[in-house]
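Read through the structure below, which is laid out as structure tokens, and then see the notes.
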Amino acid sequence: MKLNTDYLTRSINALESAYNHLSRQTPDEEVADLSGIVLYDIFRAACVKEFEIILEQCGSILRKRLRPYMASNRQADRLTFNNTFRRSAKHGLITVEACERWLGYREIRNDTAHHYGANYAEAALGVLSGFIEDAKHIVEVLATPFDE
């Protein structure tokens with residue numbers, strides 16, 4: 001079986017593009033579009049949203065990838081986000097170090113989702129370059145055919 005990673009790949013590409021555009025802006029820059037909205041804020045919001053979307057997609061699709069290792073599909077589907085990544089490390093789909101990074105990404109995502117503000121968004125931006133690489137690796141893992 002091969003899992004479909006098209007939307008995940010598209011989301012990663014969108015994040016990478018927004019992040020590249022963001023890196024060319026500064027928070028204090030007065031460059032604005034016709035509506036008067038600062039470009040930095042637009043790209044920051046896009047990065048944070050794609051970060052959240054990719055995080056959820058990786059967890060969701062990775063759960064499906066874990067099905068062969070579980071007693072039933074239902075058992076795999078019930079895994080929490082953190083346990084999904086722990087099990088993925090246990091079964092060699094990702095490294096233990098990558099698992100720890102993903103748990104850290106989830107913690108940052110929880111902060112941005114529940115306490116949204118500039119400081120929390122900036123925390124998410126601080127991990128994006130590593131996150132993008134980790135997400136690309138997850139796509140490679142998910143794109144590898146397996147027996148279910």
Side-chain angles (χ1 to χ4, degrees), residues 1-67 69 73 76-146:
M1 176 179 190
K2 185 174 182 213
L3 297 169
N4 185 339
T5 59
D6 293 346
Y7 186 72
L8 177 56
T9 300
R10 185 175 176 171
S11 296
I12 293 168
N13 291 338
L15 173 59
E16 198 165 28
S17 178
Y19 187 59
N20 289 335
H21 285 292
L22 179 71
S23 68
R24 292 192 292 268
Q25 309 296 321
T26 62
D28 301 326
E29 198 170 9
E30 292 299 323
V31 177
D33 72 353
L34 297 175
S35 304
I37 299 172
V38 178
L39 291 174
Y40 181 88
D41 293 337
I42 293 170
F43 290 123
R44 180 181 63 193
C47 286
V48 170
K49 193 61 181 170
E50 288 299 332
F51 170 75
E52 293 173 345
I53 289 169
I54 292 165
L55 196 66
E56 295 305 316
Q57 285 182 68
C58 284
S60 179
I61 300 172
L62 202 51
R63 251 181 237 105
K64 292 177 184 173
R65 180 61 183 87
L66 286 170
R67 286 178 176 173
Y69 301 103
N73 289 348
D77 293 342
R78 289 183 184 160
L79 289 172
T80 64
F81 181 91
N82 289 355
N83 284 337
T84 297
F85 281 87
R86 287 182 185 118
R87 292 278 180 131
S88 296
K90 177 182 176 183
H91 295 294
L93 299 175
I94 61 174
T95 65
V96 172
E97 295 80 16
C99 175
E100 292 302 318
R101 288 192 303 272
W102 281 97
L103 299 183
Y105 300 147
R106 179 60 169 210
E107 198 170 300
I108 290 169
R109 182 256 176 228
N110 287 343
D111 286 343
T112 61
H114 299 297
H115 308 286
Y116 192 80
N119 292 339
Y120 296 105
E122 294 299 325
L125 297 179
V127 300
L128 284 186
S129 61
F131 176 76
I132 291 168
E133 292 308 311
D134 282 338
K136 287 178 178 180
H137 181 261
I138 293 290
V139 169
E140 290 174 17
V141 167
L142 296 173
T144 304
F146 65 99

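Nothing here was measured: the structure is a model prediction, and the numbers come from that model.
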Would Arg63 and Arg87 count as a side chain to side chain contact (heavy atoms under 4.5 Å, CB included) if you check the C-alpha gap in whole Å, the side-chain angles of each, and the deciding distance to 0.1 Å? CA-CA 9 Å; Arg63 251 181 237 105; Arg87 292 278 180 131; over 6 Å; no
Mind running side chain to side chain contact (heavy atoms under 4.5 Å, CB included) on Gln57 and Thr5 for me, showing each step along the way? CA-CA 9 Å; Gln57 285 182 68; Thr5 59; over 6 Å; no
Before you tell me yes or no, could you show the steps for Ser129 and Tyr19 under side chain to side chain contact (heavy atoms under 4.5 Å, CB included), namely the whole-Å CA-CA distance, both residues' side-chain angles and the distance that decides it to 0.1 Å? CA-CA 8 Å; Ser129 61; Tyr19 187 59; 4.2 Å; yes
Assess the residue pair Val48 and Glu52 against the criterion (side chain to side chain contact (heavy atoms under 4.5 Å, CB included)); give the C-alpha distance rounded to whole Å, side-chain angles, the decisive distance to 0.1 Å, and a yes or no. CA-CA 6 Å; Val48 170; Glu52 293 173 345; 4.0 Å; yes
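At least one donor-acceptor pair under 3.5 Å links the side chain of Asn20 to the backbone N or O of Glu16. Checked by atom type and distance alone, the side chain of Tyr105 pairs as donor or acceptor with a backbone atom of Phe131 at under 3.5 Å. In this structure a side-chain-to-backbone donor-acceptor pair under 3.5 Å is present from Thr95 to Ala98. The main-chain N or O of Ala76 is never found under 3.5 Å from a side-chain atom of Arg67 such that the two would form a donor-acceptor pair. In terms of modelled atom types and a separation under 3.5 Å, the side chain of Gln25 and the main chain of Leu39 share no donor-acceptor contact. Of the possible donor and acceptor atoms, one in the side chain of Ser11 sits under 3.5 Å from a partner among the backbone N and O of Tyr7.
Summarising the geometry, atom CD belonging to Glu133 is positioned 12.5 Å from atom CD1 belonging to Ile138; distances are rounded to the nearest 0.5 Å. Once rounded to the nearest 0.5 Å, the distance linking CZ of Arg44 with CD1 of Ile42 reads 11.0 Å. With rounding to the nearest 0.5 angstrom, the OG atom of Ser60 is 10.0 Å from the CG atom of Leu142. For the atom pair Leu125 CG and Phe51 CZ, the distance stands at 9.5 Å (nearest 0.5 Å). Taken from NZ in Lys90 to CG in Asn83, the straight-line distance is 10.5 Å, to the nearest 0.5 Å.
Considering all non-hydrogen atoms of both residues, His91 and Leu66 come closest at CD2-CD2, 4.2 Å. For the pair Cys47 and Ala18, the tightest heavy-atom approach, listed with the atom from each and the gap, is SG-C, 3.7 Å. For Phe81 against Trp102, the heavy-atom pair with the smallest separation is CE2-O, 3.8 Å. Among all heavy-atom pairs drawn from Glu140 and Thr144, the shortest one is O-OG1, 2.9 Å. Closest non-hydrogen pair, Gly59 versus Thr84, comes out as O-CG2, 3.7 Å. Among all heavy-atom pairs drawn from Ile108 and Ala124, the shortest one is CG2-CA, 3.7 Å.
Counting only N and O atoms by type, the side chains of Asn13 and Arg10 include no donor and acceptor under 3.5 Å apart.
Inter-residue side-chain proximity for Leu15 and Ile12 is flagged as unmet; no heavy-atom pair is nearer than 4.5 Å. When side chains are defined from C-beta on, Arg86 counts as touching Leu103, because their heavy atoms get closer than 4.5 Å. Counting only heavy atoms from C-beta outward, the side chains of Ile61 and Arg65 never approach each other to under 4.5 Å.
Comment: Glu56 engages Arg106 in a salt bridge, judged by a side-chain N to carboxylate O separation of less than 4.0 angstrom.
Partner Cys58 forms a side-chain contact (heavy atoms from CB on, under 4.5 Å) with one of Leu55, Leu62, Ile54 and no other, that one being Ile54.
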